[in-house]
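Model, not experiment: these values are computed from the prediction. Order of the sequence lines sets the chain letters (A, B, ...), proteins ahead of strands, with each chain counted from 1.
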Amino acid sequence: MPSQDRPQQRRVERDEVEDDVVASSETTSADLDADVDSILDEIDSVLEENAEDFVKSFVQKGGQ
Amino acid sequence: MTVRRIMGLETEYGISVPGLPNINPMTSSTMVVSAYGQHVVPGSRMHAHWDYDVESPLRDARGFDLSRAEADPSQLTDDDLGMANVILTNGSRLYVDHAHPELSTPEVTSPRDAVLWDRAGVLIMQRAMALASQLPGGPQIVLYKNNTDNKGASYGCHENYLMRRSTPFADIVRFLTPFFVTRQVYAGAGRLGVGQDGRVSAFQLSQRADFFEVEVGLETTLKRPIINTRDEPHADPERFRPLHVIVGDANLSDTATFLKTGTTAVVLAMIEEGFLRGQDWTLARPVAEIHRVSHDTSLGHELELADGRRMTALQLQGELLELARKFCARSDHADPDPQTDELLDEWERALDGLERDPFDLADRIDWVAKLALMEGFRQRDGLAWDSPRLQLIDLQYADVRPDKGLATRLEARGSLRRLFTDDEVVRAVTTPPSDTRAYFRGECMRRYPESVAAASWDSVVFDVPGRDALLRVPTLEPLRGTREHVGSLLDASPDVATLIARLSADAAG
């Protein structure tokens, strides 16, 4: 987990992340689209039905 | 003096009962809290009460007490309405506040711990929600970690930080105002809807910004101020001043909560040490600017300073970060603190990323994660900003249910970064921090649940067998009552009578 790394390790990791950014720019846009599509498909599968009614019925009393 | 400081978070959750839109939210909130209370202390006489004797919500940091006759009834939080209240073994307080279930984390000493016990709070709410629906005739209740219904109502995620009493309040106002107005660029949870009632279908950075109407004040439920002056330190008032922050959003992303609490802690340390004297980012119109910064997802808006300068939120935050780096590197702060380094690096990463391409931060900044989802749907399905489906994404991002919550789903697939494992969070549901008085409170609840009659941040009240009167043990020092301080005392006290006898002997000796 990056959060548990010591600062020095973090710097190393940031370099790796930058490498990743370079690498990902070389991947094809089709790969990226596939990832986005897979996120959207997953979200689609859990979104409540009847969005309009669901959003309308979410009414709160004020708080702090 | 770095990111380490006594702090805590208190989060009011949105609550709804699908299919029963007219149910009284106080009733459903009470069901959530009571169901959890019955679960953790089965068959108890409804758990320890909150000890209100030492609360003073009408005391104002500017130096005067607001009389009760002048106060709006919603400000009387210490007026016991007989609502459900549970003190947990992890030192948290789970209760009903106004029309929402609320969880206050135990006092912790660092931003990472604030993240951990805040997450434990979400898991507690998940369990409480499930338990309430299992009650005979219990409806399905859904909780949301958000701050508005987009129809005019807002409810808060408040941060509490303890400061030195000697810090001039004017310095706090002067430096925290521009910090809070601009902090939303990384701490905002994102919202589809502009205006308190969300009438304009546009995306903005913050859930809360549109609900702030004045610069400084005591109120929390109306005319909300950017700087809240509630002076209720829950600690020795001669030494400590509380900072009650009501301007922030409830975050789902661990990184966002870490940044929100960590950057605030560093800025407070710089204020306390007088390190910012000579700087001045006083804004010409803070209330207008907090709205504008939130409404500008391009991050290009230039704020107007009182001295005529103009700078973007990122530039202002960049100046604060640069000063924070110098401050934390000073030779009299020789002890290296990995968490402070982590915070400074994460802050820099956020500001750099937001400058370059915010979508690089979709794995750690809530508003970016939410906006990325919406943009994905817009492109794929050709949705307009007023599409109910996009509004549903805004709402469901904060759904606390593990199978339904979009932030939770993003975390599960590795698209939203976590700072703690499931095991660590589960452990924090029942375990208090070891390094504050929350340890004493939580351990007393775990070891002697039948004998704790009441508790509060700064007291535990015992019902000792054989004694007629209740016995209050004050806990005014946030850094006493730690495991180091009372761990062996508790271990040597199989029952509360022994504990009290030993505490009395200590006091006499």
Does the pair [X]/[Y] count as a salt bridge with the N-to-O cut at 4.0 Å?
X	Y	result
Glu159(B)	Arg208(B)	no
Lys145(B)	Asp249(B)	no
Arg417(B)	Glu346(B)	yes
Asp149(B)	Lys151(B)	no
Arg389(B)	Asp44(A)	yes
Arg380(B)	Asp41(A)	yes

Chain A heavy atoms under 4.5 Å from [X]: which part of the residue, side chain, backbone, both or neither?
X	result
Asn146(B)	side chain
Ser154(B)	backbone
Asp403(B)	backbone
Arg413(B)	side chain
Leu395(B)	side chain
Thr148(B)	backbone
Lys404(B)	both
Gln396(B)	side chain

Legend entry - Segment of Asn50(A) engaging chain B (4.5 angstrom heavy-atom cut-off): neither
Legend entry - Counterpart residues, ring-ring contact (aromatic ring centres under 6.0 Å, His included), relative to Phe58(A) (two or more places apart): Tyr144(B)
Which one of [options] has the most heavy-atom pairs closer than 4.5 Å to chain A?
options	value
Val17(B), Leu410(B), Ile15(B)	Ile15(B)
Cys157(B), Pro18(B), Ala153(B)	Ala153(B)
Ala99(B), Gly376(B), Pro25(B)	Gly376(B)

Inset, instruction - Check whether the side chains of Gln391(B) and Asn150(B) place a donor and an acceptor atom closer than 3.5 Å, and report yes or no. - result: no
Inset, instruction - Tell me, out of Lys61(A), Glu52(A), Gln60(A), who's got the most heavy-atom pairs with chain B below 4.5 Å. - result: Gln60(A)
Inset, instruction - Not counting sequence neighbours, which residues clear side-chain hydrogen bond (donor to acceptor under 3.5 Å, both in side chains) with Asp422(B)? List them please. - result: Arg418(B)
